[in-house]
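Below is one structure, written out as structure tokens; comments come after it.
Note that the structure is predicted; figures quoted are calculated from it, not measured. Whatever order the structure lists them in is the order used to number ligands and atoms, beginning at 1.
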Amino acid sequence: MTNRRFEEIDPMEEKLRSARSLEEEEQTVEEALLAQLDPLLEDHVIEEVIRPIKSGKEAVVYCCRASEALGGDLVAAKIYRPVERRSFKKDAVYQQGRERGARPDARTLRALGKKTKRGRLHKFSAWIAHEMRTLSLLHQAGADVPEPLDRVGPVILMEYFGDGERPAPVLVNVGLDADEAQPLYADVLRNIELFLVQHRVHADLSAYNMLYVDGRIVIIDFPQSVDPRYNDDAFDLLVRDVRNVNAYFEDYAVDLVDPFYHTLALWRQHVDPMR
Ligand SMILES: Nc1ncnc2c1ncn2[C@@H]1O[C@H](COP(=O)(O)OP(=O)(O)O)[C@@H](O)[C@H]1O
Ligand SMILES: [Mg+2]
């Protein structure tokens, strides 16, 4: 007999150890992620998994059909990758980052990078809960974000944009008509301001995290969003968001705001008049 405690052996981790190639490893992860939808199927939260939309660094997204109770429409299921399959470095900036511009000290890094299973699970769950909460807050405030419908473990179900054939494109892959660029840009700036009024800076905003839906913009992907009242990096993150948005629209004849002065004006109005 050994001291090994069998209940701690994670079948995915076991399989990963025996994976012979990176492709095999990734396939194991994808299967394990898809399996996260099983409880939702069993409980009839969703009735059918229709197709994968995208497999990204932090999550995979599937198009599903919701149960009658949830309206029976198509929904997007965003399944978060387990923390050990993603990079931790990024989390540190958004969760801590109280010292503006400063690198977190060794002790902070150790605490954030805590390798215990409990620590990891806690952080994982907090990250997902934060996206769910932010989507609810912003959707209720009238922002152009998907309506969140439910959360089950590592899965967020939300309003889906697209049809049975294909999802709405990400803005970066869309060529706009000359006359729609300016109003769309104004919509994005209006959303950024609305977020700030609700104490949120997206912090990863760019044409990669906006869907183009029949001439409208829908902003997605909020787990890293920060609260400007408590995060000292929020101002710089907002300047960067505006700069990334400009980077897409500068190909069009659009009157662009200056990222720094625009952020400063918004900040004085909604966060701190003394800035
Ligand atoms: N509600 C949605 N409707 C349609 N497609 C979506 C939706 N949410 C996400 N997607 C697609 O899934 C991709 C990944 O989602 P995202 O929230 O940006 O996660 P990631 O952290 O992997 O970037 C998006 O780029 C988009 O193509
Ligand atoms: Mg994204």
Side-chain angles (χ1 to χ4, degrees), residues 26 29-30 32-34 36-37 40 45-46 48-66 70-71 73-91 93-95 123-140 143-152 154-174 188 191 195 200-226 237 240-241 244-245 247-248:
E26 181 56 22
V29 173
E30 298 279 323
L33 288 170
L34 182 56
Q36 301 298 322
L37 293 179
L40 286 82
V45 179
I46 55 174
E48 191 189 348
V49 178
I50 294 178
R51 63 169 52 85
I53 299 175
K54 204 188 146 201
S55 172
K57 244 180 13 267
E58 316 220 313
V60 296
V61 180
Y62 280 86
C63 174
C64 305
R65 180 171 307 286
L70 271 182
D73 289 334
L74 297 181
V75 291
K78 178 172 180 177
I79 311 167
Y80 280 76
R81 289 176 180 276
V83 171
E84 57 272 24
R85 300 274 114 207
R86 305 172 11 210
S87 130
F88 242 144
K89 278 188 222 118
K90 201 172 150 199
D91 299 18
V93 180
Y94 299 105
Q95 291 184 354
K123 229 176 285 178
F124 181 51
S125 163
W127 191 252
I128 302 166
H130 184 64
E131 168 147 58
M132 186 74 192
R133 213 167 29 242
T134 299
L135 283 174
S136 306
L137 179 73
L138 299 181
H139 185 262
Q140 273 168 34
D144 297 311
V145 304
E147 178 182 7
L149 302 170
D150 201 356
R151 177 197 162 188
V152 181
V155 183
I156 290 181
L157 280 190
M158 66 180 97
E159 183 181 2
Y160 166 80
F161 296 94
D163 54 33
E165 301 287 296
R166 62 181 66 85
V170 176
L171 185 61
V172 76
N173 297 326
V174 174
V188 177
N191 273 279
F195 297 171
R200 286 294 188 278
V201 170
H202 186 293
D204 191 22
L205 192 59
S206 75
Y208 290 90
N209 277 330
M210 293 190 241
L211 304 177
Y212 178 80
V213 186
D214 305 326
R216 284 197 313 127
I217 288 288
V218 173
I219 301 177
I220 58 169
D221 204 359
F222 288 88
Q224 72 295 314
S225 63
V226 298
L237 290 166
R240 190 181 70 182
D241 277 357
N244 289 342
V245 169
Y248 173 81

Could you tell me if the side chain of [Y] sits less than 4.5 Å from the side chain of [X], heavy atoms only?
X      : Y      : answer
Val60  : Pro52  : no
Val155 : Ile79  : yes
Gln36  : Pro82  : no
Val145 : Met158 : no
Val170 : Leu211 : yes

In ligand 1, which numbered atoms sit nearer than 4.0 Å to a non-hydrogen atom of [X]?
X      : answer
Val170 : 25 (O), 27 (O)
Lys54  : 12 (O), 13 (C), 25 (O)
Met158 : 1 (N)
Ala76  : 1 (N), 2 (C)
Ile220 : 9 (C), 18 (O), 24 (C), 26 (C)
Asn209 : 18 (O)
Glu58  : 21 (O)

### Task
Report yes if Phe161 has an N/O atom closer than 3.5 Å to an N/O atom of ligand 1; otherwise report no.
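Yes, there is a polar N/O contact under 3.5 Å.
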
How far is [atom] from its nearest protein heavy atom, and which residue and atom name does that atom have?
atom                    : value
atom 6 (C) of ligand 1  : Leu211 CD1, 4.1 Å
atom 1 (N) of ligand 1  : Glu159 O, 2.9 Å
atom 15 (O) of ligand 1 : Val61 CG2, 3.7 Å
atom 11 (C) of ligand 1 : Ile53 CG2, 3.9 Å

### Message
Please verify the inter-ring angle class for His202 with Phe222; under 30° counts as parallel, over 60° as perpendicular, anything in between as tilted.
### Response
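Ring orientation of His202 relative to Phe222: tilted.
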
### Query
Would one find an N, O or S atom of Glu58, in either backbone or side chain, under 2.8 Å from the Mg ion (ligand 2)?
no

### Query
To the nearest 0.5 Å, what is the distance between CE (Met132) and CG (Leu157)?
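Nearest 0.5 Å value for the CE-CG distance: 8.0 Å.
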
### Message
With rounding to the nearest 0.5 angstrom, report the CD1 to SG distance, Ile46 to Cys63.
### Response
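Reported to 0.5 Å precision, the distance equals 10.0 Å.
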
### Message
Using heavy atoms and a 4.0 Å limit, tell me yes or no: is Ala59 in contact with ligand 1?
### Response
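Ala59 counts as a contact of ligand 1 under the 4.0 Å cut-off.
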
#### Entry: Pair Glu26 + Arg81, salt bridge at N-O below 4.0 Å
yes

### Query
Taking all atoms of both residues into account, what is the closest heavy-atom pair of Leu33 and Tyr80, and its distance?
CD2-O, 3.5 Å

### Least distance between heavy atoms, Cys64 atom then Leu37 atom
SG-CD1, 4.3 Å

### Task
Record the part of Asp221 in heavy-atom contact with ligand 1 below 4.0 Å; permitted values are side chain, backbone, both and neither.
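The answer is both, backbone and side chain.
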
### Query
Heavy atom under 4.0 Å from ligand 1: found in Lys78's side chain, backbone, both, or neither?
side chain

### Query
How open is the angle at the Mg ion (ligand 2) from atom OD1 of Asn209 over to atom OD2 of Asp221, rounded to 10 degrees?
90°

